[in-house]
*Asks:* 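Handing you a structure now.
Lettering of chains follows the sequences in order, A, B, ..., and the numbering in each one begins at 1.
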Amino acid sequence: MSSGLAIKDFNYAKHAAFFKKHAASLPEQYKLMDTNRLTLLYFSVSGLDLLGKLDQLDRDATVEYIYSFQSDCPDHGGFYGYPKVSFDSEDLDRANNQPHIANTYVALVMLLILKDDLSRVRCSAVAASLRRWQLEDGSFCCVHCLSSLDSESDIRFVYCAASICYILDLWHAVDVEAMARFVYASQSFDGAFGMGPETESHGGCTYCAVACLSMLGRLDDLDMLQLLHWCVHRQQSGFQGRIEKEPDSCYSFWVGGTLQMLGADAFLERQSCARFLKTCESGYGGFQKFPDAEFPDLLHSYFSVCGLCLCGVLPPLTALLGLSEAAFAAAQRSGALKAQRAPGARPWRLPGKPVEPEHTAAGGYVA
Amino acid sequence: MYGISEDRPYSKREEWKDVTPVPQKDGPHPLAVIKYPPGFEEVHGYFRAIQQRNETSLRALSLTADVIENNSANYTAWYYRRRCLKELDSDLDEERVFTNKWATDCPKNYQVWYHRRWLISEIAERKRKEAGAEADKHIQLLARQELEYHLDCMQVNSDYKNYNGWSHRQFILQHFNLWHEELPFVERLLSEDIRNNSAWNHRYTVVRNQSWPLSDEIRKREIKFAMDAIRACANNECAWNYLSAFLGEGNCKVPWTAEPEVEVLCREVIDVAAQHGTCRMALQAMASINEAKGDVQAAAALYSQLEEVDRIRAKYWAWRASLLGAV
């Protein structure tokens, strides 16, 4: 086998510059993300952290900016995806400013990365929103102003809800049983998960479902062999997101991260994955979706960096929440991150002989 | 009437002269600032003004179209649009025609498909209220048109695996109970591309909704369908994946040994493949068959063969072999 790719084989200075630039401003093609600005910011903040370059950001200013997206309404909490609009009355505020479940999740994770203690997060208001975001089938919608018909609902937002509960210990605000039911109902015949019941298995959805079940402490009820079988077969060189689709850089995180959560990191073949990500590396800094794509983009750049962490080329990542292991540990030590699994959570470990990941196979990041 | 009427800036339009746009307040040190294209900020400024006035009028409705034209993922604009449509009691058939373009142009956009779902449910609901002998016929027609529309979208974009589109199709089939007509459609799509896993998943969903609990006859039919597909193209993972939906342990499944033809097929494929390599999917299926037979040694031999030929998953196959002893 050829010699392994190592940290020096990737242009980290350019990638850090890419994230730093995008943390400040983004070109016109990101206009479709205008109502998810915090999510865009998360890619840059967490990306810089994973590269060990968080000092490139003004920590205090970034924390203040994130908090400026927090809703003031006591029964309508969370973070907006875009700057709030001032309204003359509270009713108008509630009807038009929309705290968004995914942007709330990324806001909390960013604050943890930036070593904020979360003391300014209005937990009871977030709990009120969680209650409203959850639908009868156990799933969650992303915004709720006048009715639950304000948005679609699917497994992505169930993951966001679980993460918020896990970070802030707000499990009392949600129907845990209904959540678990929805996730199980979204398991496809091949063992992996789709957006909702009866949909096609998909790497991103599988990540959301497995992370959610891990936080709910319900992994033990799954048909684990089928799920693992599906996951490991997504690796071609890099990972594909669905059966018979092209490998795409972001699935090194979605599927690789799923393997990590299942305690099966060792089944990710690091060399091939890192080599594929190398072919997606852009000369401009950042990563592309496909090797032959014309330009890099922020989302694929971020998830490629996550992939490199999972390949052992960069320091480790906690896939469950999407931040560096170091940031996770520090936040847990400080008490900012509650890291509380749902009531009644059951432990889970991979059956059979423990398998060790090849620590140095991809060139070996030396801490 | 529901769409964008003209190109002049809002500030120059007579019908908007009573409205003062509200700028975005992004604080003194904004981050992740998007460089907006021309016109983007103005449209959004007027949208914020309309929200301030809590106005649900025809001009507000048409403004939301303009906001969506600028950013089809603006969930607030979509929601506001639905509010206007409801409060104005608008003609929803017209809205359906109007949103055709959006779903066709942005098939990967979640909001547009959600809007479409809301719209179709709402139209059906209204038709149902009209009662009358014709109501059912109109609703069925509406649903069938929507299925046609999904096919059009896939054809126009040459993307037969679009996730949101398939979810929409399944919603329509479920909502209007049309599963019984769906199998020929799946077969047609699979005959065009046997590696379209979205279509394979859809096939399973059709069977699940039409013939559950599974009779032996239907299970045999589905297993045969997968086996025929494998005979035509042995390295198509979709077909092997589909086979495992009916074999193994679990609800409505039978053991891998229950259908002896599957083993015959596996041996056939392994023999043919041996001339120019290996077919790992056939080896895996053979391992499952041997596990089901309780032939641990044969299964272990296959796993160690897989460990050799499928190097990227070598550790996984070693682990699978190690589980054999544990059982």
*Asks:* Does B/Tyr36 reach the side chain of A/Asp34, with side-chain heavy atoms less than 4.5 Å apart?
*Replies:*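 Side-chain contact under 4.5 Å: yes.
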*Asks:* Would you say that B/Ile34 contacts A/Glu28 through its side chain, given a criterion of any heavy-atom pair below 4.5 Å between the two side chains?
*Replies:*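 No, their side chains stay 4.5 Å or more apart.
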*Asks:* Which heavy atom of A/Phe267 sits nearest to which heavy atom of B/Lys315, and what is that distance?
*Replies:*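 Nearest pair, atom of A/Phe267 first, then B/Lys315: CE2-O, 3.6 Å.
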*Asks:* Indicate whether the side chain of B/Asp26 and that of A/Tyr65 have a donor and an acceptor atom separated by less than 3.5 Å.
*Replies:*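 Yes, side-chain donor-acceptor contact under 3.5 Å.
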*Asks:* Say you draw a straight line from CZ of B/Phe171 to CD of A/Glu198; how long is it, rounded to the nearest 0.5 Å?
*Replies:*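 One finds 13.5 Å between CZ of B/Phe171 and CD of A/Glu198.
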*Asks:* Among residues at least two apart in sequence or on other chains, which ones pass side chain to side chain donor-acceptor pair (under 3.5 Å) with B/Asn109?
*Replies:*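 For B/Asn109, the residues satisfying side chain to side chain donor-acceptor pair (under 3.5 Å) (neighbours in sequence not counted) are B/Ser72.
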*Asks:* Answer with yes or no whether the side chains of B/Ser198 and A/Arg242 bring together a donor and an acceptor at under 3.5 Å.
*Replies:*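 Their side chains do contain a donor-acceptor pair, which is all the 3.5 Å distance test asks for.
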*Asks:* Working to the nearest 0.5 Å, report the span between OG of A/Ser153 and OH of B/Tyr114.
*Replies:*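 It comes to 7.5 Å.
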*Asks:* Can the ring centres of B/Trp317 and A/His233 be said to be less than 6.0 Å apart?
*Replies:*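 Here the rings of A/His233 and B/Trp317 have centres that are less than 6.0 Å from each other.
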*Asks:* Would you mind checking which part of A/Phe87 comes under 4.5 Å of any heavy atom in chain B, side chain (CB onward), backbone (N, CA, C, O), both or neither?
*Replies:*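 When you check distances to chain B, atoms from both the backbone and side chain of A/Phe87 fall under 4.5 Å.
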*Asks:* Would you call the rings of B/Tyr242 and A/Phe189 parallel, tilted or perpendicular, taking 30° and 60° as the class edges?
*Replies:*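 Perpendicular, since the angle between the ring planes exceeds 60°.
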*Asks:* Could you tell me if the side chain of B/Asn71 sits less than 4.5 Å from the side chain of A/Thr35, heavy atoms only?
*Replies:*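 They are in contact (side-chain heavy atoms under 4.5 Å apart), so the answer is yes.
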*Asks:* Who pairs with B/Tyr163 by ring pair (Phe, Tyr, Trp, His ring centres under 6.0 Å), at least two apart in sequence or on another chain?
*Replies:*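 Scan of B/Tyr163 (ring pair (Phe, Tyr, Trp, His ring centres under 6.0 Å), adjacent residues dropped) gives A/His202.
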